[in-house]
Structures are given as C-alpha cells and as structure tokens.
Amino acid sequence: MSRTGRTTATKRAPGAGPLMEFVHRRRRGAELYLLVLSLVVGIGAYAAVGLGVNGQVPADLIKHGAWLAALVVAAHVTIRYKAEYADPVVLPIVSALNGLGLAMIHRIDLAPTGHPVGSNFAASQLVWMTLGVLGFITVLAGLRDHRRLQSFTYTAGLAAIVLLLLPLLPGIGKTVNGARIWIHLGPLSFQPGEIAKVLLVIAFAGYLVLHRDALALAGRRVLFVDLPRGRDLGPILAMWLVSLGILVFQNDLGSSLMFFGLFLVMLYVSTERPGWLVVGGVLFAVGAYAGYLTTAHVQARVQGWLDPFGKDSPSYQLVQAMYGMAWGGLTGRGLGQGSPQTTPISWSDFILPSLGEELGLTGVIAIILLYALLVERGLRTALICRDNFGKLVAAGLATVFALQVFVVVGGVTRLIPLTGLTTPFLSQGGSSLVANWVIVALLLRVSDAARRPPPEFSDQPADMDSTQVVMMR
Amino acid sequence: MSELTLVLIRFGYLAVLWIFVLSAVSVIRSDMFGARVARDQSRAQERRSAKAVGKARAKAPKPRRGDPTAVVIVEGGNSGELVPLAAAPLLIGRGSDAAIRLEDDYVSTRHARIASSGDQWYVEDLGSTNGTYVGSSRITQATAISLGTKIRIGKTILELRK
C-alpha cells in the first residue's frame with residue numbers, strides 16, 4: 001500500500017505547499033508566562049500606588065491580587081479548552097492594561113480631592129472587569145465558529161441602530177457631561193454605543209462580504225483614482241448620515257468619528273480601492289465642517305484645541321492634563337507621587353495623562369506600544385484568516401481599538417480636537433470594559449480558527465459518491 | 001518611606017513594564033517562525049529518507065509517476081484547455097491575473113485556487129459569489145482533490161489529469 005505510506009509523509013510536510021506553508025504552534029505556555037508577567041505589572045502597580053500614597057503596602061493587596069489573578073486564570077483556562085490555537089499575546093496585553101488601569105483608578109480614589117468623597121471607582125471597576133471576563137468566557141464557550149455570526153448580519157445592524165437611538169428616547173436617555181449617550185434603567189446605567197460597535201463590526205463584515213464585488217469593480221477612473229459608481233454610494237451615505245446624527249443629536253464627537261472611520265476602513269479593506277477613502281475623506285471633511293458650523297459643542301472643542309492657553313479657553317481640563325504630563329517628564333513622578341486628581345475626570349477619559357504624570361513618557365510609550373501590539377495581532381489575524389468574513393471581522397475589531405486609542409490619545413495630547421472616548425481597558429467605565437472584553441473574545445475566536453492547522457483529509461481514492469472523511473486534529 | 005526607596009520603586013516599576021512589553025514582542029517574534037519545529041521535523045525526515053536512498057539529492061523531488069501534472073477544463077466555454085500544474089498555485093477566475101481564465105458569467109474575478117501541500121492537491125474557494133463545488137457539495141475550505149475529481153465553478157468543470 002504505497003498510498004497510505006505517502007499520506008503519513010504528507011502530514012508532516014507543512015512547509016512544502018503554498019497553501020499550508022505555515023503551521024502555528026499553540027503557544028499556550030508562552031501565553032501563561034506573559035500572563036504571569038502581566039499580573040506583575042497590574043498587581044505591582046497596585047502595590048506601588050499604596051506605597052507611594054500611604055507609605056505602606058495596601059491592606060487589600062492580597063485580595064485585589066487574588067481576584068485579578070483568578071479572573072486572568074479563568075480566561076486563560078477557557079482559551080486552553082475552547083480556543084487552543086488562539087493568539088498568545090492578546091490576553092496578556094489586555095490583562096496588563098486592565099490591571100494597570102485598575103491601579104491608576106485606585107490611585108485617584110486615594111487622592112484627597114479626586115472626586116466626590118466616598119466613591120470607590122476601583123472596586124466597581126473590578127466588578128465590571130469580572131462581568132467582562134464572564135462575557136469573554138461566554139463568547140468563547142458559546143460561539144464555536146465565528147462564521148455563524150454571518151447569518152446575523154442584518155439583525156446585528158438593526159440592533160446596533162436601535163441601541164444607538166436608545167439614548168435619544170425620553171425617559172431612559174440622559175445627558176451626562178454634554179453628551180446624550182447614556183441610558184438609565186432603574187439603578188443601572190450604561191452606554192449602548194459600546195455594545196453597538198461590536199454589532200456594527202459584524203454587520204459591516206457580513207454586508208461587505210456579500211457586496212464586495214459590486215463595490216470593488218464598478219466605477220470610473222478620475223485623476224488616477226478609481227471612483228465608485230453613484231448608486232453604490234448608498235451604504236456609505238447611510239453610514240455618514242448615522243454618524244452625523246450621532247454628532248448632532250447626541251453631541252458625541254468621538255463615537256461619530258469612530259463609527260464612520262470604522263466603516264471606511266472596512267470598506268477599504270474589503271474592496272482594496274483607495275477611491276472609497278477619497279469619497280469617505282471628502283464626506284468626513286464636509287460633515288466635520290458642517291458640524292463645526294452648527295454645533296457649539298464642536299466649536300468649543302476646536303477652540304480648546306487650537307488655543308488651550310487662551311484667556312477664555314474652555315479647555316481647563318486639557319491644560320491641567322498637559323501640565324501634568326509635563327511635570328511627569330521622562331520617567332514620571334512615580335506611582336502615587338503626582339497629583340493627577342487635579343484634572344477633571346482624570347480616572348476616565350484623561351487616564352492616559354494621569355499615567356503620563358506618574359509613569360512619564362517612558363511609561364506612556366510602553367502603554368501605546370501595548371495598544372500597537374494588540375492592533376497588530378488583530379490585523380495579523382485578519383491576514384492569516386482563511387475566510388473573508390473572519391478577515392473583515394478581525395480587521396474591523398482591530399480598527400475599533402486603533403481608532404479609539406488614536407482619537408483619545410490624540411485628543412488628550414492635543415494632536416486632534418479632544419473628543420470623549422474611553423481608553424480601552426484603562427479607563428473607568430463599565431460598558432466600555434465589558435464591550436472590549438467581548439471584542440477580545442471575538443478576536444481570539446477568529447484567531448483560533450485562523451491559526452488552527454487545516455483539517456486533514458483521508459487519502460481515500462476520490463470516489464465522488466462516497467463521503468469524504470475529514471479528521472479534525 | 002525614604003526618598004531612595006520611592007525612586008527605586010519608580011524605576012523598578014518602569015523596568016517591569018518594559019520587560020513585559022519586550023517579552024510580548026519576543027513571543028510575537030518567535031511566533032513569526034511558528035513553523036520552525038514542524039519544518040525542522042520535515043527536513044529531518046527528508047534527510048533520513050535521502051540517507052535511505054543512499055545519496056544526498058539537493059534537487060526538488062521529481063514528480064512521481066501517477067501524480068497529476070495538469071488541470072483540464074472538461075466542460076464549459078473554455079472546454080479542452082489544459083493548464084500545467086507546474087506553476088501552482090493556480091488562480092481560477094474571470095480576472096486578468098488568473099492563471100486559469102474562464103469566460104463564464106457565473107465565475108467571480110478571483111474565484112478559487114488550486115495549490116498543493118506535499119503530494120496532495122487542494123482546491124480552495126476565494127470567497128466567490130456562486131461557490132466552488134467538489135463533487136456535488138459546495139466547499140467552504142481547502143478541500144483535497146485527486147485525479148479525476150470534478151471541480152465545478154460556475155458552468156465550468158475542471159479536473160486534474162496526469
């Protein structure tokens with residue numbers, strides 16, 4: 001039987017063919033090693049905060065550390081059983097960022113004039129992180145194949161739009177800090193936009209997989225750029241109107257920018273046509289200018305961006321943050337040694353300047369690098385994924401992180417006008433944290449499918465009527 | 001708490017943060033060469049089999065007798081065309097960059113791909129609109145094909161020949 005002899009030989013030759021030239025290892029050990037390091041980062045920051053503020057190791061260090069470690073180990077075990085080929089770097093990065101965020105929120109809790117006395121944001125953040133990890137485990141355990149999400153394309157899109165509109169409903173919607181993006185149901189309150197961004201990625205991916213060809217092929221060439229056909233502009237115009245609606249009715253510059261940017265990037269990724277970027281860029285410029293002319297909110301943000309130190313500049317917050325970062329310098333004041341609490345909302349939108357003040361430029365670069373690595377892993381997953389839907393979902397989810405970090409970090413460092421978005425995993429904020437953990441779970445689900453070696457086929461004579469036996473490794 | 005201790009904590013913590021970042025980078029770096037273990041094994045196996053033959057051949061193994069050498073279009077607009085497999089992976093589609101270019105309205109621009117892994121040939125759908133069929137079932141991932149397996153793409157049927 002020479003045939004069977006050949007089969008065993010082919011099984012062991014992953015480097016031979018162009019189709020399967022790359023076999024990923026599981027790397028769960030490497031993940032565990034990085035997770036231990038990430039816990040050192042998170043718990044170490046917590047201890048350093050206690051030492052810096054009170055001069056002693058915090059009394060609840062063991063409790064806090066054990067809780068954090070238990071959550072991380074639970075996530076790791078879930079990956080071992082449910083997504084054993086998933087990327088080994090994503091979870092440790094998320095765990096380190098989350099641990100660091102918790103420590104920083106705790107640090108601002110300890111500060112004398114941080115925010116209303118008696119609030120304990122760190123404790124509630126830890127509860128939200130627990131919910132986030134539960135969501136993570138649920139997604140990984142409940143969703144065995146990301147391609148099943150494709151059948152929910154339009155459901156997800158509809159749900160996302162409903163969620164985005166919910167805060168506008170009188171009764172449950174509420175305006176907080178000028179933006180109408182919260183809903184309140186009894187004692188609970190959350191930002192539906194955070195959930196909507198996950199659903200929108202699924203909806204965009206499902207839609208673009210089906211309509212890619214029409215969007216990519218038709219069109220005419222103007223000045224070296226392939227412009228799309230007029231009638232294919234429908235979806236992008238719809239998305240533009242939705243983003244503009246968020247801007248005008250909810251006063252939420254950040255989300256508006258993120259949703260439109262996300263759609264544009266996914267459109268570009270799926271069609272490979274720069275023409276869409278041109279169209280989208282023009283639409284964005286028009287929308288942004290119209291927003292600037294009509295909304296006082298946007299005008300204030302732009303003025304605060306161009307001239308924060310002016311006489312009646314509205315950007316006290318931004319100025320405080322910049323003084324804080326300048327005081328931090330290259331290596332920072334040390335955890336617990338600065339005074340980040342003088343910046344309003346230093347525990348949420350402005351947590352990065354707070355970290356910059358206490359960890360310095362060195363620390364902030366490390367944090368931004370961690371985000372860059374996270375996005376890189378997402379895009380890498382998109383590159384190696386074998387199905388188009390998975391590619392688009394992974395690219396979209398990575399783009400969500402990339403845009404969100406760019407918008408918020410650019411805002412607080414005065415690169416672009418300040419817009420309210422949370423810094424993923426660092427900022428205090430429950431809806432954002434839970435949604436981001438779910439995003440990570442989806443990313444790992446796609447990554448697991450992408451890195452898993454393709455199933456082996458039994459080398460039976462190819463009789464067309466007989467059933468092929470597929471052996472899953 | 002003395003000033004010196006606080007400075008040590010400050011720099012110690014930054015060091016921990018950067019050790020974590022660099023470890024993550026090093027895991028990513030080693031992950032790029034993820035196939036190393038498997039490839040080493042296959043190379044060792046090759047070496048072993050070369051020894052068994054008795055001489056070290058550096059050249060690529062010659063195609064064995066009985067292996068497919070070409071794709072033939074047996075049905076459809078381009079029927080009768082024969083494309084050698086030597087240039088694999090072969091892209092099948094309506095686009096100008098396709099190795100097997102089909103004049104068939106039901107075929108996508110980049111429809112499917114034929115490639116090999118070891119001795120086994122596979123056909124893989126590239127997200128086409130109308131799908132790729134092996135036998136009577138629509139394929140969702142790389143599917144093994146052998147001599148005479150009918151691959152249907154649009155109105156065209158292809159198969160591997162010796």
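Every pair tested for side chain to side chain donor-acceptor pair (under 3.5 Å) that includes a residue from residues 362-372 of chain A fails, sequence neighbours excluded, so the list is empty.
Salt-bridge check for B/Asp97 with B/Arg110: passed, with a basic side-chain N closer than 4.0 Å to an acidic carboxylate O.
Residue A/Leu210 does not touch chain B at all, counting heavy-atom pairs closer than 4.5 Å. B/Thr129 touches chain A through its side chain: at least one heavy atom from C-beta onward sits under 4.5 Å away, while N, CA, C and O do not. For A/Tyr33, the part lying near chain B is the side chain, with the backbone staying farther off; criterion is any non-hydrogen pair under 4.5 Å. Proximity to chain B is limited to the side chain of A/Gln337, based on heavy atoms less than 4.5 angstrom apart. Within the 4.5 angstrom heavy-atom criterion, only side-chain atoms of A/Arg147, from C-beta onward, approach chain B. Using a 4.5 Å cut-off between heavy atoms, A/Leu359 contacts chain B through both its backbone and its side chain. Contact of B/Leu126 with chain A is made through the backbone alone, with heavy-atom distances under 4.5 Å. Heavy atoms closer than 4.5 Å to chain B are found in the side chain of A/Val89, but not in its backbone.
Contact tally against chain B (heavy-atom pairs below 4.5 Å) for A/Ala30, A/Pro88, A/Pro92, A/Ala47: the top residue is A/Pro92. Of the listed residues A/Thr331, A/Leu369, A/Leu37, the one with more heavy-atom pairs under 4.5 angstrom with chain B than any other is A/Thr331.
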Go through it in stages, so that I can follow the logic: the residues are B/Ile114 and B/Val123, the test is side-chain contact (heavy atoms from CB on, under 4.5 Å), and I'd like the CA-CA distance, side-chain angles, deciding distance and then a yes or no.
CA-CA 4 Å; B/Ile114 292 182; B/Val123 61; 4.2 Å; yes
List the steps, then state whether side-chain contact (heavy atoms from CB on, under 4.5 Å) holds for A/Arg27 with A/Arg451.
CA-CA 11 Å; A/Arg27 307 306 306 275; A/Arg451 293 165 60 97; 4.0 Å; yes
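Put simply, CG on A/Leu392 and CD on A/Gln150 are 9.5 Å apart, with the number rounded to the nearest 0.5 Å. Between the CD atom of A/Glu376 and the OG1 atom of A/Thr381 there is a distance of 8.5 Å, given to the nearest 0.5 Å. How far CG of B/Asp125 is from NE2 of B/His111: 5.5 Å, rounded to the nearest 0.5 Å. Separating the NE2 atom in A/His76 from the CG atom in A/Leu91 is a distance of 8.5 Å, to the nearest 0.5 Å.
Heavy atoms only, all atoms of each residue included: A/Val53 and A/Arg107 are closest at CG2-NH1, 4.2 Å. Between B/Tyr106 and B/Gly154, the shortest heavy-atom contact is CB-CA, 3.7 Å. Counting all heavy atoms, side chain and backbone alike, A/Arg377 lies closest to A/Asp87 at NE-OD2, 2.9 Å.
Proximity to chain A at a heavy-atom threshold of 4.5 Å picks out B/Leu14, B/Val16, B/Leu17, B/Trp18, B/Ile19, B/Phe20, B/Val21 from residues 14-21 of chain B, in numerical order.
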